[in-house]
Amino acid sequence: MKTFKISSVVVLFTAVIVLGGYFLMDTPSKKKWIISGGEPNSKYNEVALSLKKIIEKKNDLVIEIQSSSGSKENLTRVSNGIADLCLVQNDIEGDEKIRSIATLYEEVLHVIVKEDTTSISELSGCSISIGPKGGGTENLALATLEQLGIKRKDISCRKESLQSGLLALKNGKTKAVCAVTGIGNLSIKQFLEEGGHKLLFLGKDISENTKYVYPYIHPAVIPSGAYPISPGKGLPENKIPTIGTRVVLACQNNLSNDDIFWLTHFIAENKASLVRSHPLLAQMGSPQDLNQIQFPIHEGAELHYDRNEPSFFQEWSETIGLILSILAIAWGATTTIRQIILMRLKDSLDKYFEKVDAITSELIDSVDEKRAKEIAKELHDIRRETTKKLIAEELATDDSFVIFQRQLHTAQQLMNETLRKRKI
């Protein structure tokens, strides 16, 4: 009965440790997400706002949108833990902390010039706007110009926002504005509507030539009429071959698999709503579809893409690991408790060892018949008391008890021998 009580206490203690550890250590799902987007009127900003709208509409979550200068600043924020998610071009270099969740849409290189500019060669020796510091236009634009024979030292680069660059072009302070953005950019559309400017033709094989020196890009086209400027008229008049790259929804690698799996799954399940919110999101897909992936796919997102639903062990792997760890701790604790209980039981047996040892010593020194009979009663009482405690499981049936029984038996034999001699 005593063993059952001890086992029950141990099981209850273990359950308390496991449940307590689970509720204390299990991280709840994120209730707030911070997305680093882009400049006002930029596609980054528009798409980030669309994500916010749909996620908040269908979930009890808070989405905060941060404005930024573009891809590089976004990566810095995510890497430093300032933002949870960001929009970033796949061609922009990030550190080892960055992970991909989904591809959102294509961005392409636009080169905007005055109408009287006829070829790329006219840009040599001129001032060119290459986007803001921290944006994603600079590297791709300079690599393209280099491939077209215009070296960095041959031009004066202006690092500024798209709005500032277009104003500088309008005022004659710069010869061209380079912008890597989604087709249909509102700022470019409004600028071209004013007249006097166009999109520059870069050459029909521009992407094929550039991909060998600048990876993570692909062939792209700005369709004719992509930017309506008046009824029945749009720019460019003919389609323009250009360079494209994918915009990736990225995060830091330390976000939990559960949270990222949920987000990836939500985006896939709600694609129709997202596309209605912003047409560019019709291009959404998996980073696995890219020929070149700049940022490894987050494990949580990979679970979605590989299996759509994680297996039981994949979905609960973190919880199972936590429970096993706590069980190991609980086992150690219960083992210690058992040792303490056994030690107390041993302490209870020690007093009987002392009594029997004293009686044995007395018998060896010789006693009279009267004392021998008293000793016989004492030994009988000790045997009865220890047997009763053994049945009640108040004494442990270990090596110490076996030794005690031998000592008690020896004392009993000495006592019997003493009584036999006295009778003779």
Side-chain angles (χ1 to χ4, degrees), residues 34-49 51 65-80 82-83 85-95 98 100 103-113 123 127-146 150 152 155-169 173-191 199-200 202 210 214-218 220 222 242-251 280 294-295:
I34 299 174
I35 305 177
S36 189
E39 297 178 320
N41 292 329
S42 69
K43 292 301 178 185
Y44 276 22
N45 189 61
E46 293 175 9
V47 169
L49 288 172
L51 289 170
I65 305 298
Q66 296 179 342
S67 297
S68 84
S69 59
S71 292
K72 292 181 181 178
E73 185 176 359
N74 287 348
L75 287 175
T76 300
R77 286 180 179 174
V78 168
S79 182
N80 293 337
I82 298 172
L85 308 171
C86 73
L87 279 72
V88 59
Q89 290 172 206
N90 185 53
D91 65 302
I92 302 300
E93 183 179 359
D95 63 30
I98 306 300
S100 298
T103 57
L104 299 180
Y105 62 95
E106 178 187 63
E107 284 194 324
V108 303
L109 175 62
H110 297 64
V111 179
I112 305 122
V113 295
L123 304 185
S127 174
I128 299 177
S129 177
I130 57 171
K133 182 178 180 180
T137 294
E138 180 180 353
N139 289 351
L140 194 152
L142 291 177
T144 304
L145 291 172
E146 179 86 16
I150 301 176
R152 174 69 175 80
I155 56 176
S156 174
C157 293
R158 295 172 60 100
K159 297 182 180 182
E160 57 195 350
S161 68
L162 177 58
Q163 293 281 8
S164 297
L166 293 173
L167 182 60
L169 177 60
K173 295 180 179 179
T174 187
K175 186 71 172 177
V177 174
C178 296
V180 178
T181 184
I183 293 173
N185 181 284
L186 182 60
S187 295
I188 295 177
K189 177 180 181 298
Q190 291 173 344
F191 183 74
L199 295 167
L200 185 63
L202 304 177
T210 307
Y214 192 80
Y216 309 108
I217 60 170
H218 58 262
I222 302 176
T242 185
I243 293 172
T245 186
R246 303 296 296 186
V247 174
V248 175
L249 182 63
C251 66
L280 279 180
Q294 180 77 269
F295 316 108

Trainee: Any idea which heavy atoms bring I130 and C157 closest together, and the distance?
Mentor: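 I130 and C157 have their closest heavy atoms at CD1-CB, 3.7 Å.
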Trainee: Kindly give the heavy-atom pair with the smallest separation between L162 and A179, and that separation in Å.
Mentor: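 Residues L162 and A179, closest heavy atoms: CD1-CB, 3.8 Å.
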Trainee: From I112 CD1 over to L199 CG, what is the distance, rounded to the nearest 0.5 angstrom?
Mentor: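 Atom-to-atom, I112:CD1 and L199:CG are 6.0 Å apart.
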Trainee: Whether the side chain of D91 engages the backbone of I217 through a donor-acceptor N/O pair (distance < 3.5 Å, no angle test) should be reported.
Mentor: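 Not confirmed, D91 side chain does not pair with I217 backbone.
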Trainee: Going by atom types only, do S187 and Q163 share a side-chain donor-acceptor pair under 3.5 Å?
Mentor: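 S187 vs Q163: donor-acceptor pair found between side chains.
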Trainee: If we only count heavy atoms from C-beta on, is the I34 to Q66 side-chain gap below 4.5 Å?
Mentor: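 Yes, their side chains come closer than 4.5 Å.
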Trainee: Quick one about S71 and Y44 (side-chain donor to acceptor, distance below 3.5 Å, no hydrogens or angles considered), yes or no?
Mentor: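 Judged by distance alone, the side chains do pair up.
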Trainee: How many angstroms lie between CD1 in I183 and CD in E107, if you round to the nearest 0.5 Å?
Mentor: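 It is 10.5 Å, given to the nearest 0.5 Å.
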Trainee: Please assess K159 against E138 for the test salt bridge (Lys or Arg N to Asp or Glu O under 4.0 Å), listing each intermediate value before the final yes or no.
Mentor: CA-CA 8 Å; K159 297 182 180 182; E138 180 180 353; 3.2 Å; yes
Trainee: Closer than 3.5 angstrom, by distance alone: can the side chain of N74 be matched with the main-chain N or O of L87 as a donor-acceptor pair?
Mentor: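 Checking the backbone N and O of L87 against the side chain of N74, a donor-acceptor pair under 3.5 Å is found.
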Trainee: Would you say that L85 contacts L249 through its side chain, given a criterion of any heavy-atom pair below 4.5 Å between the two side chains?
Mentor: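 Side-chain contact under 4.5 Å: yes.
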Trainee: Counting N and O atoms only, with roles assigned by atom type, does the side chain of E73 sit under 3.5 Å from a partner on the main chain of S69, one being a donor and the other an acceptor?
Mentor: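 Yes.
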Trainee: Given 3.5 Å as the limit, does a donor-acceptor pair link the side chain of T103 with the main chain of V248, or not?
Mentor: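 Such a contact is absent between T103 side chain and V248 backbone.
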Trainee: Short question: side chain of K43, backbone of L280 - any donor-acceptor pair under 3.5 Å?
Mentor: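 Flag not set: sc K43 to bb L280 has no pair under 3.5 Å.
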Trainee: Drop me the distance from L166's CG to S129's OG, to the nearest 0.5 angstrom.
Mentor: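 Interatomic distance, L166 CG to S129 OG, rounded to 0.5 Å: 7.5 Å.
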Trainee: Whether the side chain of S127 engages the backbone of K175 through a donor-acceptor N/O pair (distance < 3.5 Å, no angle test) should be reported.
Mentor: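 No; zero donor-acceptor contacts below 3.5 Å.
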Trainee: Do any N or O atoms from the side chain of N185 and from the backbone of T181 form a donor-acceptor pair under 3.5 angstrom?
Mentor: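 Side chain of N185 to backbone of T181, a donor-acceptor pair under 3.5 Å: no, none is there.
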Trainee: Could you measure the distance from the CG atom of L167 to the CZ atom of F191? Nearest 0.5 Å is fine.
Mentor: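 So the gap between those two atoms works out to 8.5 Å.
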Trainee: Grab the two heavy atoms, one from K72 and one from N139, that are nearest each other, plus how far apart they are.
Mentor: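 The pair with the smallest heavy-atom distance is NZ-OD1, 3.5 Å.
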Trainee: From I243 CD1 over to L109 CG, what is the distance, rounded to the nearest 0.5 angstrom?
Mentor: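 Reported to 0.5 Å precision, the distance equals 6.0 Å.
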Trainee: Would a 4.5 Å heavy-atom cut-off, applied to side chains only, mark S67 and E39 as touching?
Mentor: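 The answer is no, as the side chains (C-beta and beyond) never meet within the 4.5 Å cut-off.
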Trainee: If you look at every heavy atom in Y214 and A143, which pair is closest and at what distance?
Mentor: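 Smallest interatomic distance, heavy atoms only, reads CD1-CB, 3.6 Å.
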Trainee: If I compare all heavy atoms of R152 with all of E146, which pair ends up nearest, and what's the gap?
Mentor: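 So the two residues come closest at N-OE1, 3.9 Å.
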Trainee: Would I92 and Q294 count as a side chain to side chain contact (heavy atoms under 4.5 Å, CB included) if you check the C-alpha gap in whole Å, the side-chain angles of each, and the deciding distance to 0.1 Å?
Mentor: CA-CA 8 Å; I92 302 300; Q294 180 77 269; 5.7 Å; no
Trainee: Where the side chain of S68 meets the backbone of G37, is there a donor-acceptor pair that is under 3.5 Å apart?
Mentor: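 Judged by distance alone, yes, a pair lies under 3.5 Å.
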Trainee: Verify, without hydrogens or angle tests, whether H218 (side chain) and Y216 (backbone) share a donor-acceptor contact under 3.5 angstrom.
Mentor: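 A pair under 3.5 Å: no.
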Trainee: Using modelled atom types and a 3.5 Å cut-off, is there a donor and acceptor pairing between side-chain atoms of S164 and backbone atoms of E160?
Mentor: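 Side chain of S164 to backbone of E160, a donor-acceptor pair under 3.5 Å: no, none is there.
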Trainee: V78 vs I82, test: side chain to side chain contact (heavy atoms under 4.5 Å, CB included). Steps then yes/no.
Mentor: CA-CA 6 Å; V78 168; I82 298 172; over 6 Å; no
Trainee: Looking at P40 and N45, what are the two nearest heavy atoms and their distance?
Mentor: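 For P40 and N45, the tightest heavy-atom pair comes out as CA-ND2, 4.2 Å.
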Trainee: Using the side chain to side chain contact (heavy atoms under 4.5 Å, CB included) rule, take V113 and V111 through it: C-alpha gap first, then chi angles, then the decisive distance, then the call.
Mentor: CA-CA 7 Å; V113 295; V111 179; 4.2 Å; yes
Trainee: Go through it in stages, so that I can follow the logic: the residues are I128 and L145, the test is side chain to side chain contact (heavy atoms under 4.5 Å, CB included), and I'd like the CA-CA distance, side-chain angles, deciding distance and then a yes or no.
Mentor: CA-CA 11 Å; I128 299 177; L145 291 172; 4.1 Å; yes
Trainee: When you check the side-chain N and O atoms of Q89 and T245, is any donor under 3.5 Å from an acceptor?
Mentor: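 Result is no, nothing qualifies.
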Trainee: Assess the side chains of T174 and R158: does a donor N or O sit below 3.5 Å from an acceptor N or O?
Mentor: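 The answer is no; no qualifying pair exists.
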Trainee: Side chains of D95 and S79: is there a donor and an acceptor less than 3.5 Å apart?
Mentor: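 Yes, a side-chain donor-acceptor pair sits under 3.5 Å.
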Trainee: Measuring from atom CG of L123 to atom CD1 of I155, what distance do you get when rounded to the nearest 0.5 angstrom?
Mentor: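 Separation between the atoms: 8.0 Å.
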